[in-house]
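Working notes for the structure below.
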Amino acid sequence: MNIYKDYLNFLKDTVLLLKKKHKYEFDINDIFSKITLEPPKNLSHGDMSTNIAMLLAPKFKKKPFEIAEIFKEQINTFPGIKSVSIAGPGFLNIILDHLTWSNCLHKILLNPDDWDQVNIGKGSNVNLEYISANPTGPLHAGHARGAVFGDALASLLSKVGFNVTKEYYINDAGSQIEKLVQSSILRYHECLGDKITVIPKGLYPGDYLKEVGNALFIKYNNKLKSYDKDEIFKIVSELSLKIMLDNIKIDLLKLGIKMDVYTSEQKIVSSDLLSNVISILERKNLLYKGVLAPPKGMKTEDWETREQLLFKSSNYGDDADRALQKSDGSWTYFATDMAYHLDKINRTNGNLINVLGADHTGYISRINAAVNALSDSKISIDTKVCSLVNLLEDGKPLKMSKRAGTFVTLSDIIDAVGKDVLRFIMLTRRNDQSLDFDFKKVKEKSKENPVFYVQYAYARCHSIFKAADTVKENLNPNNLNLLKAEEELNLIKFISLWPRILELAAKHHEPHRICFYLIELASNFHGLWNKGSDKPELKFIVEDNLDLTNARLSLVKAVALTISKGLNILKIEPIKEM
RNA sequence: GCGCUCUUAGCUCAACUGGAUAGAGCAUUUGACUUCGAAUCAAAAGGUUGGGGGUUCAAGUCCCUCAGAGCGCACCA
């Protein structure tokens, strides 16, 4: 149930009626897609505002103001209207009767689960790939943002009716795995008694590989040395990858994240997907052997011309064609990534979303080109880029260096601040803005810390219920029409926005909107709470007026309900007492 | 040199994806605890939305241009 939708439908009916009556010729669907009926930014303009008169002016060949007059008359016949006015260039501002709002609250509480059902997904499939950190070490702060963002988006899309597959791509092929193996073997030798003073350049220096060395030692003692080279590689790579990935999964679980599918790059490489990609591209005439031009501005002496198999990604908006084969004939990473995306297209039968770190922005256009080419542009891919996270301690940047051992892992952060706080803070910025994560502020119990602020509002709701125990009559929302103070109506109006927020956040793949909404809802509620100190008649509990108390408790209940719905999508536990 | 992403109040950020007088928090100034939890609230002040041009009923939002920041830039993954 969405009150804005209800009235929008009334408006649409009116447009149809007028069009028929005056025999106007225009594309009705075009108009329908552009009509807005929204709460105005400035609430003093009214409860709802529509641009209909401005839209129809060229179609009706009249001035916006004249059309507004016609609609004003019509809107006045809609149910629950208090007044309609015309403003500015032709906006129609609608004020609803307070009974409409209390009725709205009544419906929310009567059917809290139906209230925010916005089924824009209609069961269609979405594949959401996120994190996909290389399995060569523990997750760190930078991964946290993409992880939380992706997971919240997955949760949000499921909520609005998409069938979401949460996927992690394991980059377990290529040279970095060789580095991992060599680094692990080094740690194995360490267990055998070799002294390691310096980790050779290019290998992974982190202590976390000692675990792998140990595991090898326990399993093989000193016998591994006698195996032949290929065998050693196989044993060590399998074991180290397993341990790395298991640790990643443990960290994700700590963050409340459970992926649906882990896809291995090795499996993609050894499948026939790559040859499928080639034959699709061949059929579409998108392949050729050629030489890439050097990037403009690059010194020509550094440039080595070589003939390679290339994909005409520039046909699909990429700024250059891309190599699929290296000069020695082996496949490039991009080629296997195309195969992987073909795999996702085949499996999903729906749209794709990738969540990447900011350092991969240059990669987006070629992946878009790949997906378009492979799917005949039938599948859309949306790539969300998460910008950097600056770790701070009381405003000063936290120095991170793998060598100095001040490497902040995801697990460290969760231990320091808790998963709920981390999840919320990571969503208090748009994904494409860089984000400051200040350990001091985040642990603070004040308005500086938005998680606390929202949780405090929720706790206050419950403290009212507790205080009202003596009057509580099982919250029978019968006399909600007693809610007519401006402050109370404003709160109901703000709560009614929730389904809209959900829909907008889902449509634009922007889960941060939920955080901002919750913070504002908390603010509205704290405000009303404190009004009770100035005007005692506005207190939630009115000793000698059971009906009014009940009505107000219903309002508080709706606040708590909405906060918990929002936190729920972010997978954060609301706290009743703090 | 080229490309991508950005630039909004002193600071950190919003702005319903083109809508009306651009909104919050922090910091500053001033007020509110005998009270349903003051871990909160209210008020004041703070702006040529980096500069300039364009598109239209309407631009922080779209286009062009200049300046600045971050990231990336042929076989790495």
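In the text below, chain A, chain B and the rest are named by the order of the sequence lines, each starting its count at 1.
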What distance, rounded to whole Å, do you find between the two [atom1] atoms, one in [N] and one in [M]?
N: B/rC66; M: B/rC26; atom1: P; value: 41 Å
N: B/rU48; M: B/rU29; atom1: C1'; value: 26 Å
N: B/rC4; M: B/rA77; atom1: P; value: 26 Å
N: B/rA45; M: B/rG50; atom1: P; value: 24 Å
N: B/rU12; M: B/rU5; atom1: P; value: 23 Å
N: B/rU8; M: B/rU61; atom1: P; value: 14 Å
N: B/rC63; M: B/rU56; atom1: C1'; value: 13 Å
N: B/rG46; M: B/rU40; atom1: P; value: 26 Å

Can you find a heavy atom in the side chain of [X] that is under 4.5 Å from one in the side chain of [Y]?
X: A/Asn449; Y: A/Ile425; answer: yes
X: A/Val15; Y: A/Phe71; answer: yes
X: A/Leu553; Y: A/Ile464; answer: yes
X: A/Asp436; Y: A/Asp438; answer: no
X: A/Tyr169; Y: A/Tyr262; answer: no
X: A/Thr263; Y: A/Lys344; answer: no
X: A/Ile278; Y: A/Leu324; answer: yes

[X] [atom1] to [N] [atom2]: how many Å, rounded?
X: A/Asp319; N: B/rC4; atom1: CG; atom2: P; answer: 7 Å
X: A/Leu521; N: B/rU40; atom1: CG; atom2: C1'; answer: 15 Å
X: A/Arg322; N: B/rG3; atom1: CZ; atom2: P; answer: 13 Å
X: A/Phe437; N: B/rC13; atom1: CZ; atom2: P; answer: 15 Å

Completion exercise
Looking only at heavy atoms, the pair that brings A/Ile52 and A/Leu92 closest together is CG2-CD1, 3.7 Å
Exercise for the section: Please report the shortest heavy-atom distance between A/Arg145 and A/Ser387, naming the atom on each side. Expected result: NH1-O, 3.0 Å
Regarding [X], tell me which of base, sugar-phosphate or nothing describes its non-hydrogen contacts under 4.0 Å with the strands shown.
X: A/Ala358; answer: sugar-phosphate
X: A/Pro450; answer: nothing
X: A/His508; answer: base
X: A/Asn93; answer: base

Kindly give the atom pairs (protein nitrogen or oxygen, nucleotide nitrogen or oxygen) under 3.5 Å for nucleotides 75-77 of chain B.
from	atom 1	to	atom 2	distance (Å)
B/rC75	O4'	A/Gln308	NE2	3.3
B/rC75	O2	A/Ser327	N	2.6
B/rC75	O2	A/Ser327	OG	2.7
B/rC75	N3	A/Arg306	NH1	3.2
B/rC75	N3	A/Ser327	OG	2.9
B/rC75	N4	A/Arg306	NH1	2.1
B/rC76	O2'	A/Ser175	OG	3.3
B/rA77	O3'	A/Ala173	O	2.8
B/rA77	O3'	A/Gln176	NE2	3.2
B/rA77	O2'	A/Gln176	OE1	3.3
B/rA77	O2'	A/Gln176	NE2	2.4

Problem - First of A/Ile364 and A/Leu435 reached from the 5' end of RNA chain B, by closest nucleotide - result: A/Ile364
Considering only nitrogen or oxygen atoms on both sides, find all protein atoms under 3.5 Å from nucleotides 24-30 of chain B and state each distance.
none

Completion exercise
For A/Ser132, the side-chain hydrogen bond (donor to acceptor under 3.5 Å, both in side chains) test, sequence neighbours excluded, returns A/Glu129
Exercise for the section: Report the residues that fulfil side-chain hydrogen bond (donor to acceptor under 3.5 Å, both in side chains) with A/Glu503, sequence neighbours left out, ordered by chain and then residue number. Expected result: A/Lys5, A/Lys507
Tell me every residue that passes salt bridge (Lys or Arg N to Asp or Glu O under 4.0 Å) with [X], counting only those two or more places apart in sequence or in another chain.
X: A/Lys289; value: none
X: A/Asp318; value: A/Arg322
X: A/Asp47; value: A/Lys493

Considering only nitrogen or oxygen atoms on both sides, find all protein atoms under 3.5 Å from nucleotides 6-11 of chain B and state each distance.
from	atom 1	to	atom 2	distance (Å)
B/rC6	OP1	A/Asp432	OD2	3.3

Problem - Each stem that RNA chain B is part of, given as range with range (3 or more consecutive Watson-Crick or G-U pairs, under 3.5 Å) - result: B:1-7 with B:67-73, B:10-13 with B:23-26, B:28-32 with B:40-44, B:50-54 with B:62-66
Practice task
Classify the side chain of A/Arg500 and the base of B/rC16 as holding, or not holding, a donor-acceptor pair under 3.5 Å.
Solution key: yes
Problem - Distance below 4.0 Å between A/His512 side-chain N/O and B/rA15 OP1 or OP2 - result: yes
Problem - side-chain N/O A/Tyr453 vs B/rC41 OP1/OP2, d < 4.0 Å - result: yes
Exercise for the section: State which of B/rA39, B/rC57, B/rA14 makes the closest approach to the side chain of A/Met54. Expected result: B/rC57
Practice task
Indicate yes or no for a side-chain donor-acceptor contact from A/Asp172 to the backbone of A/Glu265 under 3.5 Å, with no hydrogens or angles considered.
Solution key: yes
Heteroatom pairs (N/O) under 3.5 angstrom, protein to nucleotides 34-38 of chain B:
from	atom 1	to	atom 2	distance (Å)
B/rU35	O2	A/Lys539	NZ	3.4
B/rC36	O2	A/Phe540	N	3.3
B/rC36	O2	A/Ile541	N	3.3
B/rC36	N3	A/Phe540	N	3.2
B/rC36	N4	A/Trp529	O	2.5
B/rG37	OP1	A/Ser463	OG	2.6
B/rG37	O2'	A/Tyr456	OH	2.8
B/rG37	O2'	A/Arg460	NE	3.0
B/rG37	O2'	A/Arg460	NH2	3.1
B/rG37	N7	A/Ser463	OG	3.3
B/rA38	OP2	A/Arg460	NH2	2.9
B/rA38	OP2	A/Trp529	NE1	2.9

Problem - Anti/syn call for B/rU17, syn if |chi| within 90° - result: syn
Problem - For B/rC33, glycosidic torsion class - syn if within 90° of 0, otherwise anti - result: syn
Exercise for the section: Only counting residues at least two apart or in another chain, list the ones meeting ring-ring contact (aromatic ring centres under 6.0 Å, His included) with A/Tyr458. Expected result: A/His462
Exercise for the section: May I have all residue pairs that pass salt bridge (charged side-chain N to carboxylate O under 4.0 Å, His left out) and include part of residues 516-529 of chain A, sequence neighbours excluded? Expected result: none
Exercise for the section: Examine A/Lys179 relative to A/Tyr204 and say whether NZ or CZ is less than 6.0 Å from the centre of the six-membered ring and inside a 45° cone about the ring axis. Expected result: yes
Exercise for the section: Please indicate yes or no: is the ring centre of A/Phe91 less than 5.5 Å from the centre of the six-membered base ring of B/rG19, with the two planes inclined by under 30 degrees? Expected result: no
